Amino acid sequence: MSDAMPILDELDARGLLADCTHRDELAALLAASPVTLYAGYDPTSTSLHIGNLVPVILQARLQRAGHRPIIVVGGATGMIGDPSGKSAERNLLDDDTLAHNVAALRGQLGRLIDFDGPRGALMVDNADWFRGVGYLEFLRDAGKHLTINYMLAKDSVKSRLEGETGISYTEFSYMLLQAWDFVQLHRRHGCRLQVGGSDQWGNITAGCELQRKLGGEGLHGLVAPLLLDATGQKMGKTSTGERVWLDPELTPPYAFYQYWLNVPDADVGRLLRIFSWRTLGELDELLAAHAASPAARAAQRALADDMTTWVHGADATARAVKAAGVLFGGSLADLTDDDLAPLFATIDNKVDLARDALAAGLPLIDLLVQAGLAKSKGEARRTISQGGAYLNNERVAQLDLVVTTDHLATPSFLLLRTGKKSYALARVA
């Protein structure tokens, strides 16, 4: 956090404040004493994705400013589905799937927010206060306090009503359920603030309104802009349309690192301010250096380093950097299968080889064709004869080179290259 800057001003300066309730009152509340705050995460998957990092970084920054975060995993509301930002109703999840997803998210969020110390985060499941509550009881205690007119005016509901699919009563009730979450969290844990993405503004303010109607202590909401690129499109998917997950089994750390490394200049400064733990002063210096020499991509490298270290740890970042260096002609010395396996998972050109076949010997010409680096043996021969073929980043001059297991860069991998940028990995099993 910047020196002596109030946390609300810090969030604003970092582009993390799209709206909040009664800013002066909220600023005074945050300055007066530690505040308990919460964000909710629906367990619709076993992993969060990078779009979910907006509420996570809000909670983490507020925690470092001395406040206490509560993570609400929606074991109850996850069975309903939030209509915010959706054009169609989600499939409902069964109890076993929900339980599995909740457990996975607990472990994942535990690596992103501090659960230790006096301001250690608390994780709760809203099924704890919804389980066993009867329908008529809920209508009596909560439903009568928010009017249909109030709920219909919210953008999350209005957009669905105006769409072709409409909105079911099940999803329409989500706003009231989330509002009840806020009331319950205040009663149980003294929670005064809810944070989230700007698509949650309607749900968050509904919680503040329900608390007001019930005559309770005033509650506040704070939302950050959604994670959009410079064109206004949601971020979080690769160029091939695959979502960027936080689970290393779904998106390997190398691919995660590469996603941030390839962020365009138009987005990198904003993303660094949002997610990097560097001070605003440090970021100003970094971005000035980047503007002076954009080809060096210093800002993108800092973003990729910071994001991968936060989500996956410093060791995963070091491995991603080492693997990425291979694709720029770096040495393969001291690399392991663990270093190259993530690269194999994401590189376009790759081939699996039988160990027995490689032990017997495979002509390099054939390997270049099999790996997709040459369209024919004739093209492969021309590439080698012109000095454009590389094995483990070393130029090959022999047209008749036979590759064997002795050439393996690691116990299971060979790296092939033609020209400066066309790479392939061969994996031996």
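The model shown is predicted, which means the values in this text are computed figures rather than measured ones. For the single chain, residues carry numbers from 1 onward in sequence order.
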Just checking, is any N or O donor in the side chain of [X] or [Y] under 3.5 Å from an acceptor N or O on the other one?
{"X": "D337", "Y": "T410", "answer": "yes"}
{"X": "Q194", "Y": "Q200", "answer": "no"}
{"X": "W129", "Y": "D181", "answer": "yes"}
{"X": "T336", "Y": "D338", "answer": "no"}

Using 0.5 Å steps for rounding, measure from the [atom1] atom of [X] to the [atom2] atom of [Y].
{"X": "D229", "Y": "K237", "atom1": "CG", "atom2": "NZ", "answer": "13.0 Å"}
{"X": "L8", "Y": "L16", "atom1": "CG", "atom2": "CG", "answer": "11.0 Å"}
{"X": "H49", "Y": "M235", "atom1": "NE2", "atom2": "CE", "answer": "13.0 Å"}
{"X": "C20", "Y": "I204", "atom1": "SG", "atom2": "CD1", "answer": "11.0 Å"}
{"X": "I113", "Y": "I57", "atom1": "CD1", "atom2": "CD1", "answer": "9.0 Å"}
{"X": "L373", "Y": "E379", "atom1": "CG", "atom2": "CD", "answer": "9.5 Å"}

Within a strict 4.5 Å, meaning less than it, do heavy atoms of the [X] and [Y] side chains meet?
{"X": "L226", "Y": "V54", "result": "no"}
{"X": "L327", "Y": "L343", "result": "yes"}
{"X": "M5", "Y": "L280", "result": "yes"}
{"X": "I50", "Y": "W245", "result": "no"}
{"X": "R270", "Y": "D267", "result": "yes"}
{"X": "L177", "Y": "W180", "result": "no"}
{"X": "E242", "Y": "T251", "result": "no"}
{"X": "M307", "Y": "L53", "result": "yes"}

Where [X] and [Y] come nearest, the two heavy atoms and their spacing:
{"X": "T36", "Y": "G190", "result": "CB-O, 4.0 Å"}
{"X": "A320", "Y": "P253", "result": "CB-O, 4.2 Å"}
{"X": "L98", "Y": "P43", "result": "CD2-CG, 3.6 Å"}
{"X": "S47", "Y": "D247", "result": "OG-N, 3.1 Å"}
{"X": "C208", "Y": "G221", "result": "SG-N, 4.1 Å"}
{"X": "L272", "Y": "R14", "result": "O-NH1, 4.1 Å"}

Tell me whether the rings of F275 and W310 are parallel (<30°), tilted (30 to 60°) or perpendicular (>60°). tilted

For the pair H312 and F256, name the ring-plane relationship: parallel under 30°, tilted 30 to 60°, perpendicular over 60°. perpendicular

Between R319 and D315, is there a side-chain N and carboxylate O pair less than 4.0 Å apart? yes

Indicate yes or no: does R23 engage D12 in a salt bridge with an N to O separation below 4.0 Å. yes

Assess whether ring-ring contact (aromatic ring centres under 6.0 Å, His included) is satisfied between Y423 and Y390, documenting all intermediate values. CA-CA 9 Å; Y423 287 86; Y390 297 80; 8.7 Å; no

Might you work through the side-chain contact (heavy atoms from CB on, under 4.5 Å) test for R64 and W277, ending with a clear yes or no? CA-CA 10 Å; R64 292 197 182 191; W277 290 106; 3.3 Å; yes

Do the side chain of [X] and the main chain of [Y] share a donor and acceptor less than 3.5 angstrom apart?
{"X": "H67", "Y": "V35", "answer": "yes"}
{"X": "R297", "Y": "L261", "answer": "yes"}
{"X": "T205", "Y": "G202", "answer": "yes"}

For side-chain contact (heavy atoms from CB on, under 4.5 Å), just list the numbers for Y254 and I347, CA-CA rounded to whole Å, side-chain angles, deciding distance to a tenth of an Å, and then say yes or no. CA-CA 10 Å; Y254 171 81; I347 199 169; over 6 Å; no

L367 and L391: side-chain contact (heavy atoms from CB on, under 4.5 Å), yes or no, with the steps? CA-CA 10 Å; L367 276 180; L391 177 61; 5.9 Å; no

I would like to know whether I384 and Q398 meet side-chain contact (heavy atoms from CB on, under 4.5 Å); could you show each step before the answer? CA-CA 7 Å; I384 296 172; Q398 297 173 251; over 6 Å; no

Partner of T46 under side-chain contact (heavy atoms from CB on, under 4.5 Å), picked from E249, H100, Q108, is H100

Pick out which of Q63, R119, M123 makes a side-chain contact (heavy atoms from CB on, under 4.5 Å) with P69. Q63

Out of T308, D306, T309, which one pairs with T317 under the side-chain hydrogen bond (donor to acceptor under 3.5 Å, both in side chains) rule? T309

Mark yes when over 12 heavy atoms from residues, nucleotides or ligands other than E394 sit less than 6.0 Å from its CD; otherwise mark no. no

